[in-house]
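These notes concern the structure reproduced below.
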Protein chains: 2
Amino acid sequence: MAAVNLKELAKILNLSISTVSKALRDSHEIGASTKERVLAKAKELDYSPNPFASGLRRNKSKTVAVVVPEVANNYFALAINGIESVAQEKDYHVLIYLTHEDFEKEKRIMKHLENKRVDGILMSVTMHTNQCDHLFDIQQKGIPIVMFDRICHEIETAKITTDDYISGMNATKHLIDNGAKDIAFLSLGDEVSIVQKRKSGFLEELEKNNIVTAPNRIVNCNDSDESNYQKIKNLLKGKQRPDAIFASVEKLATTTYEVCKELKINIPQDLKIICFSNLATASLLSPSLSTITQPAYEIGKTAAEVMFKYLDKNKTYIPNENIVLHSTLFIRDSSQNLSK
Amino acid sequence: MAAVNLKELAKILNLSISTVSKALRDSHEIGASTKERVLAKAKELDYSPNPFASGLRRNKSKTVAVVVPEVANNYFALAINGIESVAQEKDYHVLIYLTHEDFEKEKRIMKHLENKRVDGILMSVTMHTNQCDHLFDIQQKGIPIVMFDRICHEIETAKITTDDYISGMNATKHLIDNGAKDIAFLSLGDEVSIVQKRKSGFLEELEKNNIVTAPNRIVNCNDSDESNYQKIKNLLKGKQRPDAIFASVEKLATTTYEVCKELKINIPQDLKIICFSNLATASLLSPSLSTITQPAYEIGKTAAEVMFKYLDKNKTYIPNENIVLHSTLFIRDSSQNLSK
DNA sequence: AGTATTTACGAAAACGTTTGCGTATTGTGT
DNA sequence: ACACAATACGCAAACGTTTTCGTAAATACT
């Protein structure tokens with residue numbers, strides 16, 4: 001019942017507390033036979049060190065925090081999956097905090113983490129995060145941050161991203177190759193690093209093909225489904241609607257599907273769609289959705305590995321480093337010129 | 001930089017450590033003016049109590065663990081969402097552990113939690129969890145468990161579930177009403193509490209309608225996508241295939257969609273499908289998928305609220321209680337008799 | 001005025017570890 | 001035989017809180 005602690009263990013073994021402690025940590029100061037005796041008894045009594053006592057003493061929490069906008073999102077869910085798997089292997093614990101795209105909440109969460117509750121933070125910022133003082137403060141307190149996907153350039157640390165610029169180009173090229181002449185880009189907040197890069201790739205590819213886009217072809221969406229629905233509907237309901245859509249994030253593509261359903265627009269005949277997405281059911285949609293899919297699990301895994309690389313060395317400072325993984329283009333029906 | 005602690009704060013304020021501590025905790029022992037002075041200085045210097053010291057002293061972690069099979073799953077993601085939202089409100093922290101349907105891993109995780117790292121555990125067991133000693137042990141150590149969805153009946157505690165039996169009946173009735181005469185049930189491990197109830201509802205409704213089902217109409221699936229794919233393919237490829245499928249979990253429905261794609265079986269003309277699911281894109285599938293949808297967010301929220309109800313009262317024992325929330329039947333195209 | 005009570009604070013122990021240092025015992029080298 | 005080093009262990013401080021108790025000073029009561 002009452003968990004046994006070092007003191008009781010020591011008493012039972014007729015040893016001092018320090019000897020038992022050192023034996024358990026396999027110190028060279030302790031003889032082999034005593035070590036065995038201690039280990040055996042500890043196992044027998046199911047001893048497990050109190051994490052608060054040892055955390056207090058060693059100033060280590062054996063815990064990392066994951067701070068992300070959402071969890072009910074295929075990308076972040078997979079990333080968390082990757083993070084958790086390496087954490088579990090490393091005997092670390094994973095705290096999770098959701099910002100729900102609320103910048104103020106992100107700041108509050110950071111404030112809560114300043115007191116060394118965690119040894120490190122893995123995070124993706126909200127779409128409204130336009131300055132990084134709160135991250136800077138955390139770093140100043142000696143808590144390292146590793147950023148993934150939605151990063152802050154200003155913060156000096158390791159950043160795991162995907163080749164969003166190239167992917168943006170590739171996806172755009174694919175649409176053009178399939179006959180698109182007037183492509184709209186569904187953006188998501190000007191601040192978001194990855195969306196910027198995706199858009200740059202999009203614009204670059206257009207320019208390469210000498211296509212000029214009207215400003216209203218860049219639709220700036222946000223985190224409100226209803227508002228986005230209206231914006232997309234406005235874009236598509238007129239006579240002069242675009243013939244293709246490049247959605248910067250998954251949610252905007254599914255919303256577009258819904259709008260098309262209402263407006264009775266046929267995909268891909270009347271409108272081609274491609275988007276960044278980790279949707280497991282992309283191929284089951286009607287029509288199947290073409291996607292640029294990020295290696296979300298690997299991104300999480302890599303972020304965690306980088307973090308532990310420094311934590312293992314007791315390094316609280318992580319130098320600038322950009323790790324770029326590759327996304328994969330999955331061409332399905334929604335983006336193809338099926339008439340040919 | 002170096003976080004300020006009570007000792008330094010006390011020195012600066014020319015007060016004793018205990019006075020400062022009490023002032024911060026708003027003790028009646030401290031005068032109003034000193035309280036103000038302390039609060040002001042604490043805020044100014046950004047004081048935040050060391051969670052390990054206070055955790056050690058008070059034997060409280062202000063942390064709960066969430067132990068679930070997966071996170072890349074709409075249901076669990078939403079449930080986590082619910083849990084996290086009330087935890088954040090209560091100033092609690094949320095640790096997350098994924099079992100990946102591995103019973104041994106579940107046991108290891110529980111072992112890791114025995115040392116009071118958390119004040120409570122919210123969990124859904126793996127599909128292979130067929131005995132509960134590991135949960136019993138945790139309870140014995142004074143750590144309360146609240147179970148949701150996939151519960152263990154043997155464990156005495158609060159359990160949050162949905163009306164799976166009724167939902168199973170309703171879904172079955174709906175299929176029958178739409179002309180189904182030979183319905184197959186895709187099960188998932190005999191141990192899983194919720195699947196049992198869903199199956200019972202299914203069988204009960206069949207009986208009510210005097211439909212007898214061949215034993216091979218109950219297909220026992222597992223956590224291997226490939227294996228499930230084959231099992232479902234075997235079920236559907238013959239001449240004598242069923243005319244409807246009731247999938248106990250989302251993944252089995254999407255796998256069925258894939259099989260139908262390969263076998264060129266038309267849904268719902270040749271085969272009707274309904275399943276338990278929290279898929280956000282159910283209505284966008286081809287055809288749109290009829291679902292019984294659980295209030296996943298509310299389930300998580302309720303589980304957390306029950307947990308905190310007891311934690312707030314310092315109660316480590318949670319009496320048996322069954323809280324049942326209601327699922328909603330969303331009838332879409334995949335299950336309907338569209339020919340009529 | 002003298003005693004009892006309340007108010008406001010400080011001293012110190014405790015939570016369970018980890019770790020630097022001291023020391024008794026044993027072993028090694030001349 | 002001696003000094004000296006290595007081995008194996010114990011003592012006690014420290015980590016930063018919380019909390020019990022003690023006690024001056026201030027107030028209240030007879």
Side-chain angles (χ1 to χ4, degrees), chain A residues 1-39 41-42 45-63 91 114-119 141-142 314, chain B residues 1-39 41-42 45-63 91 114-119 141-142 314:
Chain A
M1 258 98 309
V4 60
N5 57 21
L6 276 189
K7 201 197 294 190
E8 304 172 38
L9 203 53
K11 190 180 296 178
I12 292 173
L13 287 163
N14 251 325
L15 289 170
S16 77
I17 293 179
S18 61
T19 302
V20 177
S21 173
K22 288 171 188 167
L24 289 172
R25 311 197 115 257
D26 202 30
S27 160
H28 65 276
E29 291 185 45
I30 307 299
S33 62
T34 7
K35 269 185 195 170
E36 269 183 58
R37 216 159 60 88
V38 173
L39 264 313
K41 205 60 169 179
L45 298 186
D46 216 24
Y47 169 77
S48 169
N50 180 307
F52 292 94
S54 103
L56 175 60
R57 181 58 227 248
R58 312 186 69 191
N59 200 24
K60 285 249 165 49
S61 62
K62 278 279 191 185
T63 306
D91 252 311
E114 280 185 1
N115 54 11
K116 298 290 285 172
R117 180 180 289 274
V118 296
D119 295 340
K141 301 265 181 180
N314 270 317
Chain B
M1 259 96 308
V4 60
N5 59 20
L6 275 190
K7 202 196 292 188
E8 304 171 37
L9 204 52
K11 191 178 296 177
I12 293 173
L13 287 163
N14 251 323
L15 290 170
S16 77
I17 293 180
S18 59
T19 302
V20 176
S21 173
K22 288 173 192 168
L24 289 172
R25 310 196 115 258
D26 202 29
S27 161
H28 64 276
E29 291 186 44
I30 306 300
S33 62
T34 8
K35 267 185 196 172
E36 268 184 58
R37 216 160 59 88
V38 172
L39 263 312
K41 204 59 167 182
L45 298 185
D46 215 27
Y47 169 76
S48 171
N50 181 306
F52 291 94
S54 103
L56 173 60
R57 179 57 227 247
R58 314 186 67 190
N59 201 26
K60 284 248 165 48
S61 62
K62 278 280 192 182
T63 305
D91 253 310
E114 280 185 2
N115 54 11
K116 297 291 284 171
R117 180 179 290 275
V118 296
D119 295 339
K141 301 265 181 180
N314 271 317

What's touching nucleotides 25-28 of chain D from the protein side, N or O pairs under 3.5 Å?
none

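The rotation axes computed at either terminus of the helix from C:dA1-D:dT30 to C:dT30-D:dA1 lie 40° apart, taking five pairs at each end and rounding to 10 degrees.
Among residues two or more places apart in sequence or in another chain, the salt bridge (charged side-chain N to carboxylate O under 4.0 Å, His left out) test is passed with B:E29 by B:K22. Every residue two or more places apart in sequence or in another chain that forms a side-chain contact (heavy atoms from CB on, under 4.5 Å) with B:I12 is listed here: B:K41, B:L45. Annotation: side chain to side chain donor-acceptor pair (under 3.5 Å) contacts of A:K116 (sequence neighbours excluded): none. Contacts of A:K62 classified as side chain to side chain donor-acceptor pair (under 3.5 Å), with partners at least two apart in sequence or in another chain: none. Taking the salt bridge (charged side-chain N to carboxylate O under 4.0 Å, His left out) definition, one finds that B:K35 meets it with B:D26, sequence neighbours left out. A search for side-chain contact (heavy atoms from CB on, under 4.5 Å) contacts involving B:R37 returns B:L13, B:L15, B:T34, not counting sequence neighbours. Partners of B:K7 by side-chain contact (heavy atoms from CB on, under 4.5 Å), not counting sequence neighbours, listed by chain and number: B:N5, B:I17. Evaluation of the side-chain contact (heavy atoms from CB on, under 4.5 Å) rule for B:P49 yields B:Y47 as partners, not counting sequence neighbours.
Using a 4.0 Å cutoff to heavy atoms of chain B, the contacted part of DNA chain C runs 5' to 3' from C:dA8 to C:dG16.
Contacts between residues 24-39 of chain A and DNA chain D, defined by a heavy-atom separation below 4.0 Å, involve A:E29, A:I30, A:G31, A:T34, listed by number.
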